[in-house]
Amino acid sequence: MTRIPSFLMGILVGGLLVFGAMKYHLVRATDGLHLIPKLTAGLQEAYVDIRQFKLDDWAEHRTLAAALIQADKEHLMQGAAVSSLRDGIRSALESLTDAKS
């Protein structure tokens, strides 16, 4: 059995990690870690700790909020103040879905 050189193994693992970071948000919530599919590929917001997020934080991370709602993980967005943002994003997603049809 041949051994894969550690350099090539590092390239393989690194490539898989970059691919995962481009396709998924790794979200740290109060109940643990969640992999949320991104709406668009990119390296932004690859890891986000949302345990102490306030409304201003969600306003800065709208793409993450939209991805959470799209993945039916909106329960991770806690707080009554977030519900207005959630409803706005939900209606925007519905209008995008209707436009694609």
Side-chain angles (χ1 to χ4, degrees):
M1 184 162 121
T2 61
R3 296 182 64 189
I4 299 175
S6 60
F7 176 73
L8 292 178
M9 186 59 102
I11 290 174
L12 178 66
V13 170
L16 289 173
L17 287 174
V18 168
F19 177 78
M22 290 188 71
K23 295 289 187 176
Y24 293 94
H25 298 279
L26 181 60
V27 177
R28 172 81 183 227
T30 54
D31 63 344
L33 293 171
H34 300 269
L35 272 178
I36 308 297
K38 290 184 176 182
L39 299 178
T40 58
L43 289 175
Q44 70 282 2
E45 298 178 337
Y47 172 80
V48 183
D49 187 347
I50 63 170
R51 291 178 291 177
Q52 310 249 336
F53 264 31
K54 306 273 188 268
L55 185 59
D56 293 340
D57 298 314
W58 286 115
E60 291 176 13
H61 296 274
R62 290 182 182 181
T63 56
L64 174 61
L68 286 169
I69 291 171
Q70 185 74 25
D72 291 327
K73 297 281 188 168
E74 58 218 36
H75 66 276
L76 298 175
M77 300 169 62
Q78 300 175 5
V82 177
S83 64
S84 63
L85 176 64
R86 184 183 315 151
D87 293 341
I89 292 172
R90 182 180 298 285
S91 67
L93 283 173
E94 288 172 358
S95 67
L96 286 174
T97 305
D98 293 339
K100 288 182 181 179
S101 299

Output the distance between atom [atom1] ([X]) and atom [atom2] ([Y]), rounded to the nearest 0.5 Å.
{"X": "E60", "Y": "R62", "atom1": "CD", "atom2": "CZ", "result": "10.0 Å"}
{"X": "I89", "Y": "Q70", "atom1": "CD1", "atom2": "CD", "result": "11.5 Å"}
{"X": "Q52", "Y": "D57", "atom1": "CD", "atom2": "CG", "result": "9.5 Å"}
{"X": "E94", "Y": "S91", "atom1": "CD", "atom2": "OG", "result": "7.0 Å"}

Does L26 sit in a hydrophobic cluster with other residues, and if so which ones, taking ILVMFWY side chains as linked at heavy-atom separations under 4.5 Å, directly or through other members? Y24, L33, L35, Y47
Can you run down the salt bridge (Lys or Arg N to Asp or Glu O under 4.0 Å) pairs that involve residues 65-75, sequence neighbours left out, and say none if there aren't any?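 Passing the test, one end in residues 65-75: E74-R90.
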What pairs of residues pass the salt bridge (Lys or Arg N to Asp or Glu O under 4.0 Å) test when at least one of them lies in residues 32-50, not counting sequence neighbours?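 Qualifying pairs, neighbours excluded: D49-R51.
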Specify the closest pair of heavy atoms between [X] and [Y], including all atoms of both residues, with the distance to one decimal.
{"X": "A67", "Y": "I36", "value": "O-CG2, 3.6 Å"}
{"X": "L93", "Y": "A66", "value": "CD1-O, 3.8 Å"}
{"X": "A21", "Y": "L43", "value": "CB-CD2, 3.9 Å"}

Residues in side chain to side chain donor-acceptor pair (under 3.5 Å) contact with T40, at least two apart in sequence or another chain: none
With sequence neighbours left out, write down each residue that passes side chain to side chain contact (heavy atoms under 4.5 Å, CB included) with A29, or none if nothing qualifies.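 In terms of side chain to side chain contact (heavy atoms under 4.5 Å, CB included), with neighbours along the sequence ignored, A29 is linked to D31, H34, I50, L76.
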All side chain to side chain contact (heavy atoms under 4.5 Å, CB included) counterparts of L17, not counting sequence neighbours: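 Once residues adjacent in sequence are excluded, the partners of L17 under the side chain to side chain contact (heavy atoms under 4.5 Å, CB included) criterion are V13.
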Does a side-chain heavy-atom distance below 4.5 Å link W58 with L68? yes
So do the side chains of M77 and I69 get within less than 4.5 Å of each other, counting heavy atoms only? yes
